[in-house]
Amino acid sequence: MKTLPETFLKPYDSNQVEDKIYQEWLNSGYFNPDNLKSENISKDENGKEKKFSIVLPPPNVTGTLHTGHAIMLAIEDIMVRYKRMQGYRTLWIPGTDHAAIATQSVVEKNLLKEEKKSKYDLGREEFLKKVNEFAEQSHNTIVTQSKKMGSSLDWSREAFTLDEKRNFAVRTAFKKMYDDGLIYRGNRIVNWDPKGQTVISDDELVYEERKAMFYTFKYSKEFPISISTTRPETKIGDTAVAVHPEDERYQQYVGQTFECNFCNVPITIKIIADKEVDKEFGTGALGVTPAHSKIDWEIAERHNLAKKQVINEYAKMINCNEKLDGKKVGEAREIIVNWLKENNLLEKEEEISQNVSTAERTGGIIEPMPKLQWFVNVNKSIVDRENKTLKELMLEAVTKDGITIIPDRFEKVYTHWIENLHDWCISRQIWYGHRVPVWYHKETKEIYCDINPPTDIENWYQDEDTLDTWFSSGLWTFSTLGWPEKTSDFLEFHPTDVLETGYDILPFWVARMILMSKYLLNEIPFRTVYFHGLVRDAQGRKMSKSLNNAMDPLEVIAKYGTDALRMALIIGTGPGNDSKLGDDKLKAYKHFANKIWNATRFVLEKTTDYEGDLDINLLTTDHKNIYNTWKDKIADITSDLENYRFYLAGEKLYDYFWKTFADVIIEDCKKEIIEETENKKSAQLLLIILLREQIISLHPFMPFVTEEIWRNIKNENDDLLLVTKWIN
RNA sequence: GGGAGAUUAGCUCAGUUGGUAGAGCAACUCGUUUACACCGAGAAGGUCAGAGGUUCGAGUCCUCUAUCUCCCACCA
């Protein structure tokens, strides 16, 4: 005969339970697959152990976790706990991302605010020390928060995208790509962020719609064709005017060259014909500015035009004249517009709305300009890979290698992104990140690329640039497993099974991981990609600091408990769909945790005198039928879990526990037990078994309350619920 | 300009391969009967955006339309 533990006499208090339980899990060592008992591991048809691995998408060390991270941790923990209970040797690797530009700009902002200093006041070394301190702090917060979420991560394998091992992996990857001619240094138009003083990739651009003046004018009175632009100041860099080959209006001028005096700067303009020009747009004539527009650069390449840079890295004018040089682009624009007016050259001025490219992290307005940068060539055929290009390798991962994307509509987004992919600019002029492993000879200017510096290092200097943060995250599925060493982790756990992340980083990250894995390992990085949606507030707004509607997961946990937060995040959230999180939903699942708690108390109270085996054959026919409907239910739920329908599985468990088990089965059994009918013993047994099995199946979703209950209902020989076998 | 998604009860959303419309919250009625008021019982509430089509049968499949949201590209 068992006695009822006193804690059950009060409502469930998550705050008293969660930290204690997490500590017990940590002590057990079961988050580490090496510690799982072999006799509990299932084998496949060849007698090999079943394995399951996920790498955690590493949160940026830019601050603290938000609800987006919370849903990620919740879903992945459900998968991992479910697979572990299924008898898979399960590995879930934690880590953080140095997030180069994002972290550096946060620290720069803080530095300016708190000490009124810039990074240049400190110098590279001192500044990096500051960034590392900040990253360390941020990292610690993230780890604490992840633990509060109940995540069963193997902390012994924790990684950082910028630690020693990952740096070695980065250098190894870079060197191989360099040797294969996939990484090259080229002078091309890039997105220059004058505010962050660095190049950024196309993916880091954010378009902002703004009102702008659209000016139509001629360079000079003698020039025969009018052109239009929103940026007259760039026109000093024009070296041609392009018209459509079939545009009768301008055909007579094609091939001619004009010397103009534009705002007192002598410019030479050639009239050329190019199919890219839209006859219908503006005047049908395009002023070609090769050095400050991507499209114009390409036209200039085709027609062999001069490329004249007139804007520098600080968004100030250069190569013009005394009056304009050194002026900010905005000031120069005014000067030029006034000059055009004074000289009667301005024909039209109209307000239009246009998209301005800004830098995602600094908000700086992008100035396209030519710069010598490092690129990854996505169109070069690779000998080792059947002469396929990186683009082709990325495409075949989904078409041929069978990576499954959930929901499948994102397959289209993925292929579309790849089809439009240009060479990836990987160098950044920031200090925080992996330094480009390239050295230049001080005298001969020879280029040396290797994993390690040249031995006569005194004759060389290293490239100043660092790498795009996604270069190192692209290696994440295998750099975390020890690559380039052939470690047992790497051999056993790669490819990983699932990549679970937000759909917003499909191009940045998912595509880059596929690129790196297919190229470096000739295998896919993961078999399935599962996308979760954005978590919005109760009104459906994006959570943000400026709206002050961001939910701090720790506050939510303190108020409602982790289990409630996890359920609220999971249920009602299909893959790839945005979801709303509000107090009502959280409250409902906090109540559910309490409901489970109270039902357990009742079952314990009413079954203290039950003696006998937990054998379903001892049930009456009616009770056996009830038990069988539960078996059908759990089979259904298991199938939902196998097919990534977590939202359905969670809802079904909730629904069955509350509406069927608590409201009907317990009520019916209550009578039989209290009235001491002949079915009493069977009723008690039914309650014990159903409770026990539901606690097991609820565990992946609500790990804390179930583990706490398990302590009180388990048999002597039972281990932690964490590693208890799933029922099906 | 190209693409994707959404439109179901007052609100928030489920509805997995086509088979009598579901949940939570809110509102209504009743009930404090020792697991739970963080509760229970009951009732109410929907031309499933609109139109057409396929089908014995459509919220579900097809076509078109409308509104909203997002992503990508970007015109100088």
Side-chain angles (χ1 to χ4, degrees), chain A residues 4 8-13 202-203 205 207 214-216 227-231 234-235 238 241-242 276-289 292-296 299 352 354-357 407-413 415-417 419-421 503-504 506-507 533-534 536-540 542 560-561 564 567-568 571-574 576-606 636 639-640 643-645 647-652 654-655 658-659 662-664 666-667 670-671 674 687 691:
Chain A
L4 188 68
F8 274 96
L9 298 176
K10 287 176 249 160
Y12 175 63
D13 181 1
D202 296 345
D203 311 291
L205 295 180
Y207 294 106
F214 191 56
Y215 305 97
T216 303
I227 54 156
S228 304
T229 184
T230 53
R231 299 199 60 190
T234 64
K235 299 285 107 183
D238 283 14
V241 163
E276 283 293 293
V277 179
D278 180 355
K279 282 196 284 190
E280 309 303 321
F281 187 83
T283 62
L286 163 66
V288 182
T289 321
H292 298 289
S293 153
K294 231 172 242 185
I295 291 164
D296 294 6
I299 293 175
I352 59 162
Q354 64 160 12
N355 280 331
V356 178
S357 310
D408 58 8
R409 60 186 148 96
F410 283 104
E411 264 182 43
K412 273 190 207 155
V413 180
T415 50
H416 182 256
W417 183 80
E419 279 155 12
N420 292 311
L421 189 61
Y503 60 77
D504 49 330
L506 189 156
L534 243 57
R536 298 168 177 277
D537 75 0
Q539 280 92 53
K542 216 167 166 169
Y560 301 101
M567 286 294 268
I571 294 182
T573 312
N577 291 341
D578 294 352
S579 58
K580 299 189 177 81
L581 183 64
D583 286 323
D584 279 353
K585 206 170 174 186
L586 288 162
K587 210 159 61 179
Y589 294 110
K590 180 189 161 85
H591 292 178
F592 181 50
N594 191 52
K595 186 77 180 178
I596 301 173
W597 191 251
N598 283 311
T600 302
R601 163 162 74 224
F602 175 80
V603 173
L604 286 175
E605 271 177 1
K606 296 296 177 222
D636 191 25
S639 145
D640 285 335
N643 292 292
Y644 303 93
R645 296 187 293 254
Y647 58 110
L648 277 181
E651 196 174 348
K652 284 171 185 171
Y654 172 88
D655 187 64
W658 203 309
K659 296 286 150 152
D663 288 349
V664 179
I666 286 186
E667 289 306 320
K670 190 187 276 180
K671 284 181 212 125
I674 290 172
L687 292 184
L691 178 69

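- A side chain to side chain contact (heavy atoms under 4.5 Å, CB included) with A/Tyr12 is found for one member of A/Asn594, A/Ile596, A/Thr600 and no other, namely A/Asn594.
- Both distances falling under 3.5 Å, in either a Watson-Crick or a G-U wobble arrangement, place B/U69 opposite B/A4.
- Distance check on atom P: B/G19 versus B/G24 gives 22 Å, rounded to whole Å.
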Query - Verdict with supporting geometry, A/Asp296 and A/Asp238, side-chain contact (heavy atoms from CB on, under 4.5 Å) - result: CA-CA 9 Å; A/Asp296 294 6; A/Asp238 283 14; 5.7 Å; no
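- Among the atoms of the strands shown, none is found under 4.0 Å from any heavy atom of A/Lys585.
- Contact annotation: side chain of A/Glu667 to base of B/A41, donor-acceptor pair absent below 3.5 Å.
- Contact check for A/Lys235 versus A/Thr289: side-chain heavy atoms found under the 4.5 Å cut-off.
- The phosphate of B/G24 has OP1 or OP2 within less than 4.0 Å of a side-chain N or O from A/Lys659.
- Within 4.0 Å (heavy atoms only), A/Ile666 reaches at least one base atom of the nucleic acid.
- Rounded to whole angstrom, the span from the CG atom of A/Asp663 across to the P atom of B/U33 amounts to 17 Å.
- An OP1 or OP2 oxygen of B/C70 is reached within less than 4.0 angstrom by no side-chain nitrogen or oxygen of A/Tyr503.
- Using a 4.0 Å heavy-atom cutoff across all strands shown, A/Ala662 reaches at least one base atom of the nucleic acid.
- Atoms NZ (A/Lys590) and P (B/C38) sit 11 Å apart, rounded to a whole Å.
- When distances run from any side-chain atom of A/Thr229 to the nucleotides B/C75, B/C38, B/A76, the shortest one goes to B/A76.
- Residue A/Asp504 is out of contact with every strand shown, counting any heavy-atom pair closer than 4.0 Å.
- Comparing A/Gly282 and A/Val664 by the nucleotide of RNA chain B whose heavy atom lies nearest to each, the residue mapping closer to the 5' end is A/Val664.
- Looking at the side chain of A/Lys235, the nearest of the listed nucleotides B/C72, B/A73, B/A76 is B/A76.
- Counting any heavy atom pair closer than 4.0 Å across all strands shown, A/Asp584 reaches sugar-phosphate atoms only and no base atom.
- Within the 4.5 Å cutoff, the side chain of A/Asp203 has heavy atoms near those of the A/Trp417 side chain.
- Nucleotides B/A76 and B/A51 place their P atoms 42 Å apart, quoted to the nearest Å.
- Taking only side-chain nitrogens and oxygens, A/Trp658 comes nearer than 4.0 Å to OP1 or OP2 of B/G40.
- Residue A/Lys670 is classed as a base contact, given a heavy-atom separation below 4.0 Å to a base.
- If you take atom C1' in B/A26 and the same atom in B/U12, they sit 11 Å apart, rounded to whole Å.
- Looking at heavy-atom distances under 4.0 Å, A/Lys294 makes no contact with the nucleic acid at all.
- When the P atom of B/C71 is taken as reference, atom CD of A/Glu411 falls 21 Å away, rounded to whole Å.
- Within the nucleic acid shown, A/Arg645 comes within 4.0 Å of at least one base atom, counting heavy atoms only.
- Comparing B/G53 with B/A58, their P atoms sit 12 Å apart, to the nearest whole Å.
- Across every strand in view, B/A41 sits in a pair with B/U29 that passes the Watson-Crick or G-U test at under 3.5 angstrom.
- Phosphate proximity of B/A14 to A/Asn577: present, with a side-chain N or O under 4.0 Å from OP1 or OP2.
- In this model, the phosphate group of B/C39 is approached by a side-chain N or O of A/His591 to a distance below 4.0 Å at OP1 or OP2.
- The nucleotide B/C61 finds its pairing partner in B/G53, both defining distances of the Watson-Crick or G-U wobble pair being shorter than 3.5 Å.
- Distance noted for atom C1' between B/G59 and B/G3: 25 Å (whole Å).
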Requested in this report: List the steps and the verdict of side-chain contact (heavy atoms from CB on, under 4.5 Å) for A/Thr230 and A/Phe214.
Outcome: CA-CA 5 Å; A/Thr230 53; A/Phe214 191 56; 3.6 Å; yes
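- Judged by atom type and distance alone, A/Asn420 does not reach the base of B/C72 through any side-chain donor-acceptor pair under 3.5 Å.
- Candidate nucleotides B/U16, B/A76, B/A35 were compared by shortest atom distance to the side chain of A/Gln354, and B/A76 ranks first.
- The residue among A/Asn598 and A/Ala588 whose nearest nucleotide of RNA chain B is located toward the 5' end is A/Ala588.
- Atom pair A/Lys595:NZ and B/A35:P shows a separation of 11 Å (rounding to whole Å applied).
- A/Phe410 comes within 4.0 angstrom of nothing in the nucleic acid, heavy atoms only.
- Side-chain proximity of A/Pro11 to B/A14, B/C74, B/C38: nearest is B/C38.
- With rounding to whole Å, A/Phe602 atom CZ is found 15 Å from B/U33 atom P.
- Residues A/Lys585 and A/Tyr589 are in side-chain contact: their nearest non-hydrogen atoms beyond the backbone lie under 4.5 Å apart.
- Remark: C1' of B/G2 and CZ of A/Arg409 are 17 Å apart, rounded to the nearest angstrom.
- A tilted orientation is assigned to the rings of A/Trp658 and A/Tyr654, their planes being inclined by 30° to 60°.
- When the C1' atom is used for both B/G46 and B/C39, the distance is 29 Å, rounded to whole Å.
- For B/C48, there is no paired base (Watson-Crick or G-U wobble, both distances below 3.5 Å).
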Report task. List the steps and the verdict of side-chain contact (heavy atoms from CB on, under 4.5 Å) for A/Glu667 and A/Asp663. Result -> CA-CA 6 Å; A/Glu667 289 306 320; A/Asp663 288 349; 5.6 Å; no
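- OP1 or OP2 of B/C74 has at least one side-chain nitrogen or oxygen of A/Tyr207 nearer than 4.0 Å.
- No donor-acceptor pair closer than 3.5 Å links the side chain of A/Lys590 to the backbone N or O of A/Ala564.
- Taking the P atom of each, B/C64 and B/U47 are spaced 27 Å apart, rounded to whole Å.
- Distance A/Ile299 CD1 to B/C74 P: 14 Å, rounded to the nearest Å.
- The distance between atom CZ of A/Phe592 and atom P of B/C39, rounded to the nearest whole Å, is 12 Å.
- Rounded to a whole angstrom, the distance from the P atom of B/G45 to that of B/A23 is 14 Å.
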